[in-house]
Novice: 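Have a look at the structure that comes next, please.
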Amino acid sequence: MVSGMKRVFAFIGFSLALTLIILNIIPLSAIKYIALSAVILFILSLLITKTRQAAVLPVVLGSVLFACFIFLFVSYNTVLPQLELDGTSQNVVLQIVDIPQKSDDNYSYVVKTKSVDRDNTVQNFKFKLVSDYKIDADYYDNVNAQVVFYSVADNAFDSYGYYGDSIYLTGYLLDYTVDESTESPPLNYYFIQVRLYIKELMSDMFDDDLYGLSTALLIGDKSNLSQDVQSNFKICGASHLMAVSGLHTSVVCMGLYIILKFLGARPFTRNILPLFALFIYVGLADFSKSVLRAGVMMFIILVGNIINSKADLLNSLGFATFILCFNPFAVTDVSVLLTVSAVLGIAVIFPKLRKLYSVKNFILNGILDSVAVTVSVMLSTLPTMWLFFKNVSLLSILLNIILIPLAQIAMVCCLLLVIFGGIPVLSVCIRAFADLGLKGMLCITEFCAEHFSFAYISLNSEMFGIAIALVLLFIAICILIFKHIDVRQGIAFTLAVFLLVGILNYYNIKNSSYVTITDSGCIIIYDKDNLLVIDADSSDDYYSVKSIASNNNLLVNFYVESDYNKTLLSEFSSEDCLFTDNDNLDIDLCSSINVKYDGNEYIITVYDKYLTADKQFVTVGNTQIYRSANDLFLNTQDTTLIFMDNCEIQMRKDD
């Protein structure tokens, strides 16, 4: 039926993904009715001759039905049984299955249970374990632990990728003992050891952020990167370089392919060896969803080379998406949505833009291609950026021309250091080139983030969502009615819509005030001119304030002293910066904001709305917001209340 249908996996993969996105939004009880409707429509599409012969509708409806089946199966057989443990204390036997992360206050482990001492409950599942101290156990040792379980989030979109990693519970460690494992460790144990070796090697080779950036480029581990560097990359629109995906797998596989071709290897050899390298690299990158997507696509390309079949980019992307969708929550992970939409932009938008210019000069043509690819990716990822981050960086259009080659140089050199690091003279030469790439990336992002942060544009307003919807509607009308898209008209329409929205949003910003409660309890109050900070007591608060101050071109005009250090925010402070303690706090930040302290709680007045903040909650009306993410058990996110001059209030969650 589908033999004559082009790009069948593109239809299947994208239909699955779109359906699963919708299913993750609506209540679980309603999905049964959607599945029943999909069954009826699928059968009808097979019975009607025209739709059966066209094949597209049955394939799409079949994909919708399959998505409903996967979602219901995983929800009722995996998620809900685990969530029955929410709020309970259990004795479990568990194993550490990934490298732990250490913060200022605790250790965080990804663990897998071998048994749970409770009748008729789910066994053998992963969860995130939080401990006040380090667990003295090797990976895959049996740990007898007493754990209090909590749900990660109410739904997949609020889980910040945990559902996509098949983690539905988090737990707090009360006590433990260790039984060293006598079993043969699984394959992942050796992947962990290699990752640890790479981290140790890079730590010996490089200092501080150079070390952190090298491990981020190689294995996607950003835990050793300072918040400052991560913020710089975010403002420059270059965070994608630190998430192992298509760029990184292509460097590994295509680099090995080129070397083998140069050495005169046969076509079969120079395609099959990169396949083995691909599998190893995906394991070293911890089988993350973004690298899995890239790995599947690279696998298709290499296998296509072996059988002399050229892979279609859209069909390959659809197949990779199809594989990812066997986890029905993968589509709620921002990294997956960004990587898939980015490749979609390269496959669909870039060829259209490529037709707008024709340059014979090789270097200039490469620069224009790089700009066109970046613009394509920016446009295709804009809906995801608006939904998850509310910001977009215009700097990426130009900076990627420089940063991507530097990242490739740095990554190739770091890989060579892993292989040849034991040869003294050779390692020194390789390290020099690695330094060039790594330092170049850090210096460029730091300079641009400091001097051009205004190009990091906020899309907080719902009007930007309307603008994106209008552009998508314009594209849909062009395809359905006119069967093609005029690129010049599309660009003109898009620019006009966003220019209008930008003007309206600028008016709203000038007439709005904001209260952000960070995940560690700091309160940041600001409008278009002023910013007030209360209870900043950690480095995370420092970077939260820095992000808000730099994104809005603000100085910290007022700062309430805390036990941490009143100089924490001094680099953002104006000369007339006021430092005060809580007892003397009674500040008119501007005509619309007043903050005072009555001895027990802060009283914040914004326009005619009143907020109170004690040690545990910020309360506005009937809504209470925790001031500490630990109270929500690592449901780490900042909350921002937006007050408009018409006295409306909006609330958003910030990643």
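Both backbone and side-chain heavy atoms feed into the values below; hydrogens, waters and symmetry mates do not. Just so it is clear, the structure is predicted and the values come from calculations on it, not from any experiment.
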Novice: When rounded to the nearest 0.5 angstrom, what is the spacing between CG in Leu173 and CG in Leu129?
Specialist: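 Between atom CG of Leu173 and atom CG of Leu129 there are 5.0 Å.
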
Novice: If you round to the nearest 0.5 Å, how far is CG of Asp136 from OG1 of Thr177?
Specialist: 12.0 Å

Novice: Ring centres under 6.0 Å, that's the criterion: do Phe125 and Tyr168 meet it?
Specialist: no

Novice: Does Pro186 have any side-chain contact (heavy atoms from CB on, under 4.5 Å) partners at least two apart in sequence or in another chain, and if so, which?
Specialist: Tyr140, Tyr189

Novice: Side chains of residues 11-21: which donor-acceptor partners sit under 3.5 Å, not counting sequence neighbours?
Specialist:
from, atom 1, to, atom 2, distance (Å)
Ser15, OG, Phe11, O, 2.6
Thr19, OG1, Ser15, O, 2.7

Novice: Checking Phe617 now: which residues fulfil ring-ring contact (aromatic ring centres under 6.0 Å, His included) with it, not counting sequence neighbours?
Specialist: Tyr626

Novice: List in chain and number order the residues that pass salt bridge (Lys or Arg N to Asp or Glu O under 4.0 Å) with Lys222, two or more places apart in sequence or in another chain; answer none if no residue qualifies.
Specialist: none

Novice: Tell me which donor-acceptor pairs under 3.5 Å the side chains of residues 57-68 have, and how far apart each pair is, sequence neighbours excluded?
Specialist:
from, atom 1, to, atom 2, distance (Å)
Ser63, OG, Val59, O, 2.8

Novice: Is a salt bridge present between Lys128 and Asp98, judged by a nitrogen-to-oxygen distance below 4.0 Å?
Specialist: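 Looking at Lys128 and Asp98, the cut-off is not met.
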
Novice: Tell me, which pairs form a salt bridge (Lys or Arg N to Asp or Glu O under 4.0 Å) where one or both residues lie in residues 319-338, sequence neighbours left out?
Specialist: Lys289-Asp333

Novice: With a 3.5 Å cut-off and no angle check, do the side chains of Asn142 and Gln95 form a donor-acceptor pair?
Specialist: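 Gln95 and Asn142 do have a side-chain donor-acceptor pair below 3.5 Å.
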
Novice: Can a salt bridge be assigned to the pair Lys199 and Asp221 using a cut-off of 4.0 Å between side-chain N and carboxylate O?
Specialist: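 The answer is yes: the pair qualifies as a salt bridge.
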
